[in-house]
Amino acid sequence: MSLLAIDIGSSQCKAVVFTAAGAVVARSVCPYSPHFPQPSFAEMDSANFWNAVCKTSREVTRDLVRDPVQAVCLSSHGETFVPVNDHGEAIGPAILNIDGRATGEAKSFENAIGARRVFETTGLVVHPMYPIPKILWLRQHCPGIYSNAARFLGVTDFVHAKLGLPPYIGYSLASRFLAFDVMGDCWSEEVLDAAGLTHDQLPLPVPAGTIAGKLNSETASALGVSNGTPVVVGGHDQACAALGAGVVQSGRVSDSMGTYECLVAASDEPSLGEAAFSVCLNSYAHVVPGKFLTLAYFPSGIMVQWFRDLIYGRSGQLNDSKIRANEADEYSWLEAGCTDRPTGLCITPHLIGTCNPDFDPRARATIFGLSSDTNQSQIYQGILEGIACELAQVTEMLATATGTFKDLYATGGGTRSPRGLKLRAAISGCRLHIMRCQEAVCQGAAILAGVAIGTYTRIADAVECVVREKEVIEPDLRFAAVYAAQLKQYSLLGETLKTLRNPKSRTRPEQESQ
């Protein structure tokens with residue numbers, strides 16, 4: 001039997017078919033691009049999501065005559081939402097997670113209820129990326145769209161509606177709205193009252209693994225599967241990736257090394273104390289029943305890709321295998337020029353702002369220590385050094401809030417860099433367990449699908465059956481000692497840059513009174 005997992009990202013949709021043993025049978029990717037109608041705005045025609053889901057699904061199921069798909073499960077990135085009418089049809093563009101238009105609304109919302117109270121309820125720190133501030137922005141600036149919207153749906157629930165199913169949303173994705181009560185597993189009346197909204201305007205939250213319904217002949221044909229195939233509610237991509245890496249028990253932490261590098265710690269309770277709040281960690285429902293996750297992240301692959309594009313030019317379509325092969329060769333050349341000695345450069349990866357601990361959108365990447373002798377491979381290595389230093393800082397923040405850990409279960413594009421892995425392990429002091437299946441998000445969604453239809457008895461059984469490690473990278477203590485001074489320098493540079501971005505913090509009280 002086969003299980004179909006579809007992950008709807010912010011720049012591409014990916015469909016992967018797995019066997020019950022966890023082997024990848026087929027894979028398809030469909031890219032799409034956002035629209036930036038004015039500064040701080042980021043939108044998408046919601047038809048792009050639907051069309052990409054249908055295209056990738058049909059491509060991977062085309063040759064599965066002997067082993068048809070038994071269940072479909074959807075995961076997606078968080079925060080993006082679509083205003084829809086009573087029939088589930090979009091009445092405006094999807095507003096993406098990277099959209100920053102609602103800064104004022106976010107601040108007003110925070111003032112109305114209190115930053116700490118929002119965190120204690122939702123597990124999130126108020127930020128304009130989340131749907132609630134943007135819905136408030138629509139109410140003020142686009143009253144026609146707001147008043148005609150029956151609901152504001154996340155990406156998976158929008159697709160569920162297009163499939164003729166209820167607009168169910170998994171708890172983990174509902175948690176990305178900034179209005180979900182993480183302890184009560186429901187929309188928070190207190191938060192919604194403060195925003196002047198009602199739960200009827202939002203999707204219907206259900207546990208991950210719930211069967212949303214079965215496809216009729218028309219929608220099944222659109223996906224290339226059999227009539228009556230069940231659709232299973234998935235969750236947030238990071239929660240599904242954690243499941244796909246076997247992060248289901250307290251104390252285990254995944255590291256998804258993508259455009260942003262995201263660390264996810266599983267736990268029996270959410271982390272809602274001062275240690276988590278002070279560094280803006282996110283803590284909310286896992287896709288594993290009765291479990292929670294705490295999440296910290298930072299810009300990572302975005303900096304590596306920027307440098308690659310700078311020296312080689314931007315790549316073309318993601319589906320072009322020749323381009324991918326050339327890009328792999330380019331990275332291999334850069335890796336070959338790296339050494340076991342620190343570059344002397346100190347590079348921060350914050351091209352479009354920081355994440356934990358302060359989420360400062362004004363921050364920008366910095367390269368400190370350039371000389372006339374600096375070459376391309378040294379800058380590339382310096383970027384990897386900066387990412388490793390950032391990882392060390394983030395692991396410390398996460399450990400303070402959730403408990404000490406020394407193992408990271410890693411997936412994503414960053415695992416293809418031997419130099420990057422060696423630096424991460426040495427500077428963070430963590431063992432890196434590189435997972436055999438790098439399609440962790442889709443593997444997690446496939447596990448949910450398999451448990452829902454009885455292919456696996458329990459999630460723990462599924463993880464034991466399909467989750468495997470490829471290799472383990474141990475921290476090199478000698479290497480760590482060589483980089484100890486650079487880690488201190490990186491921390492000092494970060495504090496200095498923060499002071500430069502906030503000049504008032506340099507003013508002594510007696511100066512302000514003069």
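Position 1 is the first residue of the sequence, and the numbers go up from there.
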Next on the checklist: Please enumerate all residues that pass side-chain hydrogen bond (donor to acceptor under 3.5 Å, both in side chains) together with E439, with sequence neighbours excluded.
Outcome noted: K14, R27
Next on the checklist: Restricting to side-chain hydrogen bond (donor to acceptor under 3.5 Å, both in side chains), what partner residues turn up for S417, sequence neighbours left out?
Outcome noted: E335
Checklist entry - When you look at CZ of R139, are more than 12 heavy atoms from neighbouring residues, nucleotides or ligands closer to it than 6.0 Å? => result yes
Item to check | More than 12 heavy atoms of other groups within 6.0 Å of Q38 CD | outcome: yes
Next on the checklist: Can you confirm if the aromatic rings of Y168 and H160 lie within a centre distance of less than 6.0 Å?
Outcome noted: no
Item to check | Between Y297 and F359, ring centroids under 6.0 Å | outcome: yes
Next on the checklist: So, taking the atom named SG in C262 and the one named CG in L293, what distance separates them when rounded to the nearest 0.5 Å?
Outcome noted: 8.5 Å
Checklist entry - For the atom pair OH (Y331) and OH (Y380), what is the distance rounded to the nearest 0.5 Å? => result 7.0 Å
Would you tell me whether [X] and [Y] have side-chain atoms, one donor and one acceptor, within less than 3.5 Å of each other?
{"X": "H35", "Y": "E43", "answer": "no"}
{"X": "R176", "Y": "N97", "answer": "no"}
{"X": "Y171", "Y": "H286", "answer": "no"}

Next on the checklist: Parallel, tilted or perpendicular, judged at 30° and 60°: which one describes the rings of F49 and Y32?
Outcome noted: perpendicular
Item to check | Salt-bridge contact D360-R501 (side-chain N to carboxylate O under 4.0 Å) | outcome: yes
Checklist entry - Are H77 and S10 side-chain neighbours, meaning at least one heavy-atom pair lies under 4.5 Å? => result yes
Checklist entry - After noting the C-alpha distance and the side-chain angles of S2 and D67, does the key distance pass the side-chain hydrogen bond (donor to acceptor under 3.5 Å, both in side chains) rule? => result CA-CA 6 Å; S2 297; D67 195 11; 3.1 Å; yes
